[in-house]
Amino acid sequence: MTVRTRFAPSPTGYMHIGGMRTALYAYLFAKKNNGTFILRIEDTDQEREVPGAMDRIYEALRIADLRYDEGPGVGGDYGPYVQSQRRELYAKYAWELVEKGGAYPCFCTRERLDSARQEYEARGETFKYDKHCLDIPLDEAKRRIAVGEPFVIRQNVPLTGKASFDDVLFGHIEVDCSTLDDTVLLKADGLPTYNFANVVDDHLMGITHVLRGTEYLSSSPKYNLQYESFGWEKPTYVHLPLIMKDASHKLSKRNGDPTFEDLLQEGYLCEAVINFIALLGWSPGNDREFFTLQELEEAFDLKGINKSSAIFDKDKLTWMNSEYIRRMPFDAYLALAMPWFEKAGVVHMDVKRLAELMQGRTEVFNRIPPMVDFLAEMPAFDTALYTHKKMKTDPEVAAKALALAKPVLECVTDWQETTIHDALMAAIAESGMKNGQVLWPLRIAISGRESTPGGAIEIAYLLGKDETLRRLERSIAGLQ
RNA sequence: GCCUCCGUGGUCUAGUGGCCUAGGACACCGCCCUCUCAAGGCGGCAACACGGGUUCGAAUCCCGUCGGAGGUGCCA
């Protein structure tokens with residue numbers, strides 16, 4: 001039997017980190033087993049419809065290179081793969097379930113339900129639908145429906161006995177049917193709820209392994225009841241632990257946590273994000289941390305998945321991202337960094353050299369501008385910056401150092417790092433001052449920054465002779 | 001409240017009865033290198049939630065407690 005997995009997001013307008021990881025695992029598991037990975041869009045909630053949301057999903061999966069073998073746009077033998085286009089199917093199966101006793105039509109109004117729910121809550125109990133409409137004879141129900149009375153179809157959960165299912169990670173999960181509610185399967189608008197659509201579609205699409213978040217763990221016994229009523233073979237379940245913001249909050253866009261797209265926009269590399277989230281809740285069983293997608297396809301194993309939820313540690317992602325940046329070919333770095341250099345207004349200088357200096361210092365691309373913008377415009381700075389104990393400098397030493405450096409730099413005709421370096425070093429040696437006593441103040445004088453990506457010589461080179469001398473003169477004046 | 005699940009350093013994790021005076025990574029701290037920063041090298045801080053069992057022996061098995069999460073929608 002070939003493995004068939006699916007990623008079934010609802011189009012909310014962006015890709016959650018958690019959703020991305022679910023997609024990744026479902027993809028990896030399929031690839032690892034030479035199986036089929038399917039994309040299915042769960043858009044049965046019309047009120048939540050977000051224009052363009054499906055495109056965002058396709059785009060995110062495309063960028064991450066999580067290629068689906070079947071799904072919207074690519075086709076397949078089990079389509080359509082968008083639930084809103086499968087409407088008639090659900091109605092058909094819902095009524096089949098009614099015939100088999102696993103479900104029944106319900107005419108209760110929301111008002112009745114809401115007040116009942118409130119009563120339960122007031123008593124501190126969990127609301128359960130009272131099967132009020134279960135006794136309505138089927139032909140009477142059909143008559144009312146024919147007349148146009150609004151209705152839903154509810155699952156008919158037995159009042160007694162147990163419901164259960166088996167999960168690869170969590171083992172056997174069993175609950176008393178008495179704790180289960182008769183949930184709505186088919187809504188008044190004729191579309192199914194998740195509680196029904198997932199069962200029907202997973203069956204119809206031949207899904208063998210269901211990988212989804214643990215938020216479905218407690219409702220899965222109910223889904224199994226449906227499989228049993230239909231007489232369908234159950235898939236293998238793998239419930240994935242949640243990704244948290246901290247110990248008690250889920251990672252969520254609403255709380256301002258980044259989505260997959262947000263991370264890419266900030267300047268995280270897709271490969272780094274994928275690598276990082278693969279390791280959020282899964283371990284290869286050894287100390288290895290760096291994986292390409294292809295390597296993950298090889299290494300992935302359900303046994304390595306953790307049962308407890310994981311906190312999304314952006315600092316570690318940032319570290320991993322900087323490692324990816326450091327390891328990438330220089331030309332690739334240059335191409336990706338260029339827009340950020342443009343933003344900082346520094347492309348008129350030797351950007352290639354700047355990029356060489358920056359590649360090893362870039363953690364996330366959006367951190368580039370604040371690191372290099374001083375090159376575009378000399379910032380105001382406090383002369384206290386001239387004081388550095390280890391360099392043995394202070395404003396007084398700085399004044400001497402700058403006075404020494406200025407004529408030396410003026411005499412450099414071929415403005416290159418080597419020539420600047422040689423001229424400066426010769427003068428320093430002759431003066432009897434220490435390297436740091438001249439180079440530190442000089443760097444401060446032309447950058448205005450306590451720390452810069454490169455030393456005085458690199459900065460002077462990037463700035464060019466005219467700008468370097470202009471800044472130097474102003475800083476010298478500032479010391480008087 | 002009720003139901004289900006989870007519980008190794010601040011964080012991600014290795015660990016499936018002896019290899020554990022618990023390993024790796026991020027973060028943090030210190031030192032070295034060095035004209036700053038970064039990188040690199042070296043070192044450090046820091047965990048088996050708690051309490052009972054079982055066993056010659058428990059992070060690993062059992063029970064309880066506590067803590068956390070998920071579910072409890074005509075959302076998914």
Query raised in the report: How would you label the contact of A:G454 with the nucleic acid (heavy atoms, under 4.0 Å): base, sugar-phosphate, or nothing?
Result: base
Query raised in the report: Relative to the 5' end of RNA chain B, which residue comes earlier, A:R123 or A:K303, by the nucleotide with the nearest heavy atom?
Result: A:R123
Report task. Looking at every strand, decide which applies to A:N306 at a 4.0 Å heavy-atom threshold: base, sugar-phosphate, or nothing. Result -> sugar-phosphate
**Report entry** Strand partner of B:A69, provided both Watson-Crick or wobble distances fall under 3.5 Å
**Finding:** B:U4
Tabulated below should be each protein N or O lying under 3.5 Å from an N or O of nucleotides 73-76 of chain B; please produce it.
{"unit_1": "B:G73", "atom_1": "OP2", "unit_2": "A:R117", "atom_2": "NH1", "d": "2.6"}
{"unit_1": "B:C74", "atom_1": "OP2", "unit_2": "A:R117", "atom_2": "NH2", "d": "3.4"}
{"unit_1": "B:C74", "atom_1": "O2'", "unit_2": "A:R110", "atom_2": "NH1", "d": "3.4"}
{"unit_1": "B:C74", "atom_1": "O2'", "unit_2": "A:R110", "atom_2": "NH2", "d": "3.4"}
{"unit_1": "B:C74", "atom_1": "O2", "unit_2": "A:A188", "atom_2": "N", "d": "2.9"}
{"unit_1": "B:C74", "atom_1": "N4", "unit_2": "A:C108", "atom_2": "O", "d": "3.4"}
{"unit_1": "B:C75", "atom_1": "OP2", "unit_2": "A:K187", "atom_2": "NZ", "d": "2.9"}
{"unit_1": "B:C75", "atom_1": "O2'", "unit_2": "A:D45", "atom_2": "OD2", "d": "3.1"}
{"unit_1": "B:C75", "atom_1": "O2", "unit_2": "A:R48", "atom_2": "NH2", "d": "2.9"}
{"unit_1": "B:A76", "atom_1": "OP1", "unit_2": "A:T44", "atom_2": "OG1", "d": "2.4"}
{"unit_1": "B:A76", "atom_1": "OP1", "unit_2": "A:D45", "atom_2": "N", "d": "3.4"}
{"unit_1": "B:A76", "atom_1": "OP2", "unit_2": "A:Y194", "atom_2": "N", "d": "2.9"}
{"unit_1": "B:A76", "atom_1": "O3'", "unit_2": "A:E42", "atom_2": "OE1", "d": "3.2"}
{"unit_1": "B:A76", "atom_1": "N3", "unit_2": "A:Y216", "atom_2": "OH", "d": "3.2"}

Query raised in the report: Taking atom types as they are modelled, is there a donor-acceptor pair under 3.5 Å from the base of B:U34 to the side chain of A:K390?
Result: yes
Requested in this report: Mind checking A:R326 for me? I need base, sugar-phosphate or nothing, with any heavy atom below 4.0 Å counting as a touch.
Outcome: sugar-phosphate
Report task. Using a heavy-atom cut-off of under 4.0 Å over every strand shown, decide if A:E458 touches base, sugar-phosphate, or nothing. Result -> base
Report summary line: Assign each of A:W440 and A:G281 the nucleotide of RNA chain B bearing its closest heavy atom; nearer the 5' end lies the nucleotide of A:G281
Query raised in the report: Is it true that A:E215 and A:K250 have a side-chain N and a carboxylate O under 4.0 angstrom from each other?
Result: no
Query raised in the report: For A:M358 and B:A38, what is the distance between atoms CE and P respectively, to the nearest whole Å?
Result: 13 Å
**Report entry** Partner nucleotide, any strand, of B:C20 [Watson-Crick/G-U, under 3.5 Å]
**Finding:** none
Report task. Side chain of A:L217 only, please: which of B:U4, B:A27, B:G24 is the nearest? Result -> B:U4
Query raised in the report: When we call it a touch if two heavy atoms are under 4.0 Å apart, what does A:K392 touch: a base, just sugar-phosphate, or nothing?
Result: nothing
Could you pull out every donor-acceptor pair under 3.5 Å between side chains of residues 178-186 of chain A and any protein atom, sequence neighbours left out?
{"unit_1": "A:T179", "atom_1": "OG1", "unit_2": "A:D176", "atom_2": "O", "d": "2.7"}
{"unit_1": "A:D181", "atom_1": "OD1", "unit_2": "A:Y129", "atom_2": "N", "d": "2.6"}
{"unit_1": "A:D182", "atom_1": "OD1", "unit_2": "A:K131", "atom_2": "NZ", "d": "3.3"}
{"unit_1": "A:D182", "atom_1": "OD1", "unit_2": "A:V157", "atom_2": "N", "d": "3.0"}
{"unit_1": "A:D182", "atom_1": "OD2", "unit_2": "A:Y104", "atom_2": "OH", "d": "2.5"}
{"unit_1": "A:D182", "atom_1": "OD2", "unit_2": "A:K131", "atom_2": "NZ", "d": "2.8"}

Query raised in the report: Where is the tightest heavy-atom contact between A:I444 and A:R449, given as atom of each residue plus distance?
Result: CD1-O, 3.3 Å
Query - Sugar-phosphate only, base, or nothing, as touched by A:A456 at under 4.0 Å among non-hydrogen atoms - result: base
Query raised in the report: If you take all heavy atoms of A:Y90 and A:F196, which pair is closest and at what distance?
Result: O-CE2, 3.4 Å
Report task. Could you check how far CG of A:N435 sits from P of B:U36, rounded to whole Å? Result -> 10 Å
Query raised in the report: Are more than 12 heavy atoms from other residues, nucleotides or ligands located less than 6.0 Å from atom NZ of A:K234?
Result: yes
Query raised in the report: Quick check, are the ring centers of A:Y194 and A:Y216 under 6.0 angstrom apart?
Result: yes
Query raised in the report: Using purine N1 to pyrimidine N3 plus N6-O4 or O6-N4 for Watson-Crick, or N1-O2 and O6-N3 for G-U wobble, each under 3.5 Å, what pairs with B:G64?
Result: B:C50
Report task. For A:M244, answer base if it contacts any base atom (sugar-phosphate contacts may also be present), sugar-phosphate if it contacts only those atoms, and nothing otherwise; contact means non-hydrogen atoms under 4.0 Å. Result -> sugar-phosphate
**Report entry** Sequence neighbours excluded, every pair satisfying ring pair (Phe, Tyr, Trp, His ring centres under 6.0 Å) that has a member inside residues 422-458 of chain A
**Finding:** A:H388-A:W440
Query raised in the report: Within the structure shown, what part of the strands sits under 4.0 Å from A:K434 by heavy-atom distance: base, sugar-phosphate, or nothing?
Result: nothing
Query raised in the report: According to a strict under-4.0 Å criterion, is A:K307 in side-chain N/O contact with OP1 or OP2 of B:C6?
Result: yes
